[in-house]
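Take a look at the structure below.
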Amino acid sequence: MLLLTLLLCGAHLAQDVAAGTQGVGESASSCPDIGSLQRELRALMERQTSVEASLTDAQSQIAELNSKAKSTVVFSATTDEIGAFGPFNTHTNILYKKAITNVGGAYNPSTGIFTAPVSGIYYFSFFSHSGGNRFVYLQLMKNEEFIVGIYDHQTSHDGADNGANAAFVQLRQGDQVSVRLTANTQVWGEGSLTTFSGFLLSQE
C-alpha cells in the first residue's frame with residue numbers, strides 16, 4: 001500500500017510538472033510526506049525480516065521436536081529351528097529367524113542383530129533350552145562388549161536345561177546388540193524355546 005501511494009503521488013507530481021507549475025503545490029500537499037512514507041516502509045521491511053526470522057526459528061524447533069519424538073521399538077524373535085544350534089568352532093551369533101514382533105524394524109532376522117534406531121535405554125532378555133550333555137554359554141553382546149550371559153555345565157545325568165538372563169543397556173544410535181553362542185557350545189532350537197526380545201524403555 002505504501003509503495004502504491006508513493007507511485008501515485010509520483011505520477012501526480014510528474015503530470016503537474018509536465019503541465020506546468022500550476023497545481024504542483026496542490027498535488028504535493030494532497031500527498032503524504034514522502035519522508036514519513038519512507039520511514040513507514042523501512043519499519044514494515046524490518047517487521048517482515050523479524051517475522052521471517054521467527055518463522056525460521058519455529059521451523060527449527062519443530063524439526064528438533066520431531067527428531068525427539070518418542071519412537072516405539074519392540075521386538076521378539078525365536079530360532080524357529082528343529083534340533084541343535086551348534087556347536088561351532090568359533091563364536092557365532094544365534095540367528096533368531098522368526099520375528100514374532102518387530103515394531104520399528106530394528107531387529108534383522110537374517111543376521112540376528114538388533115541395531116538401535118535411536119539413543120536411549122533398552123531392555124533385552126534371552127532364553128535358552130538345551131540338552132544337558134553339552135556346555136551352554138550364550139552371551140548378550142553390545143557391539144563387541146560382553147554384557148550378561150547364560151552358562152550351564154555339561155552333565156551326563158541331566159536330560160535338559162533351561163536358562164535365561166536380561167539387562168538394561170544404554171545404547172547410542174547405531175549400536176548393535178546380539179546373542180552370541182560361544183565356540184564348542186550349543187543350544188536347542190526347537191520351536192519357540194530359544195528366544196531373544198527387547199524394547200526401547202527411555203529415549204534420550
Problem - Cluster overlap F168 with F146, hydrophobic side-chain contacts below 4.5 Å - result: no
Completion exercise
dist T195:OG1 -> I100:CD1 (nearest 0.5 Å) comes out at 7.0 Å
Handout entry: Shortest non-hydrogen contact between N93 and S178, atoms and distance
Key = OD1-OG, 3.4 Å
Handout entry: Heavy-atom side-chain proximity of L171 to V177 below 4.5 angstrom
Key = yes
Practice task
Find out whether F75 and T101 are in side-chain contact, i.e. whether some heavy atom of one side chain is under 4.5 Å from a heavy atom of the other.
Solution key: no
Problem - Between OG1 on residue T182 and CD1 on residue I150, distance to nearest 0.5 Å - result: 11.5 Å
Exercise for the section: State, with a plain yes or no, whether a side-chain heavy atom of I147 is found less than 4.5 Å away from one of V169. Expected result: yes
Exercise for the section: Kindly state whether the ring of Y122 and the ring of F114 have centres lying under 6.0 angstrom apart. Expected result: yes
Practice task
Locate the shortest heavy-atom distance separating Q170 from K142; write the atom from each residue and the value.
Solution key: O-NZ, 2.9 Å
Problem - Exceeds 12 heavy-atom contacts within 6.0 angstrom, atom CD of E52 - result: yes
Fill in the blank from the handout: Rounded to the nearest 0.5 Å, the CZ atom of F124 sits from the CG atom of L201 at a distance of 11.0 Å
Exercise for the section: Mind listing the closest non-hydrogen atom pair of P117 and Q173 along with its distance? Expected result: O-NE2, 2.9 Å
Problem - Ring-ring centroid check F196 F127, cutoff 6.0 Å - result: no
Practice task
Please examine the side chains of I113 and Y107, heavy atoms only from C-beta on, and report whether any two atoms are closer than 4.5 Å.
Solution key: no
Completion exercise
Heavy atoms of V74 and F199 approach each other most closely as CG2-CB, 3.9 Å
Practice task
Please examine the side chains of T115 and N108, heavy atoms only from C-beta on, and report whether any two atoms are closer than 4.5 Å.
Solution key: no
Problem - Atom of R172, atom of S119 and distance for their closest heavy-atom approach - result: CA-OG, 3.5 Å
Problem - Atom pair CZ (F126) and CG (L140), whose distance is rounded to the nearest 0.5 Å - result: 5.0 Å
Exercise for the section: Could you tell me whether the side chain of Q203 and the main chain of S71 form a donor-acceptor pair under 3.5 Å? Expected result: yes
Practice task
State, yes or no, whether a side-chain contact exists between V187 and S128 at a heavy-atom distance under 4.5 Å.
Solution key: yes
Handout entry: Minimum side-chain heavy-atom gap L138-I94 below 4.5 Å
Key = yes
Practice task
Take L181 and F85 through the test side chain to side chain contact (heavy atoms under 4.5 Å, CB included) and record every step on the way to the result.
Solution key: CA-CA 9 Å; L181 182 69; F85 184 85; 3.7 Å; yes
Practice task
Determine whether V179 and Y96 make a side-chain contact, defined as any pair of heavy atoms from C-beta on separated by less than 4.5 Å.
Solution key: yes
Exercise for the section: Could you state whether I121 and Y123 fall into the same hydrophobic cluster, counting links through intermediate Ile, Leu, Val, Met, Phe, Trp or Tyr residues with side-chain heavy atoms under 4.5 angstrom apart? Expected result: yes
Completion exercise
Rounded to the nearest 0.5 angstrom, the NZ-OG1 distance for K97 and T78 is 11.0 Å
Fill in the blank from the handout: Scanning both residues in full, the closest heavy-atom pair of V136 with Q186 reads CG2-O, 3.4 Å
Practice task
Measure the spacing between CG of L95 and OG1 of T111 and express it to the nearest 0.5 Å.
Solution key: 7.5 Å
Handout entry: Main-chain N/O of A183 paired with H91 side-chain donor or acceptor, under 3.5 Å
Key = yes
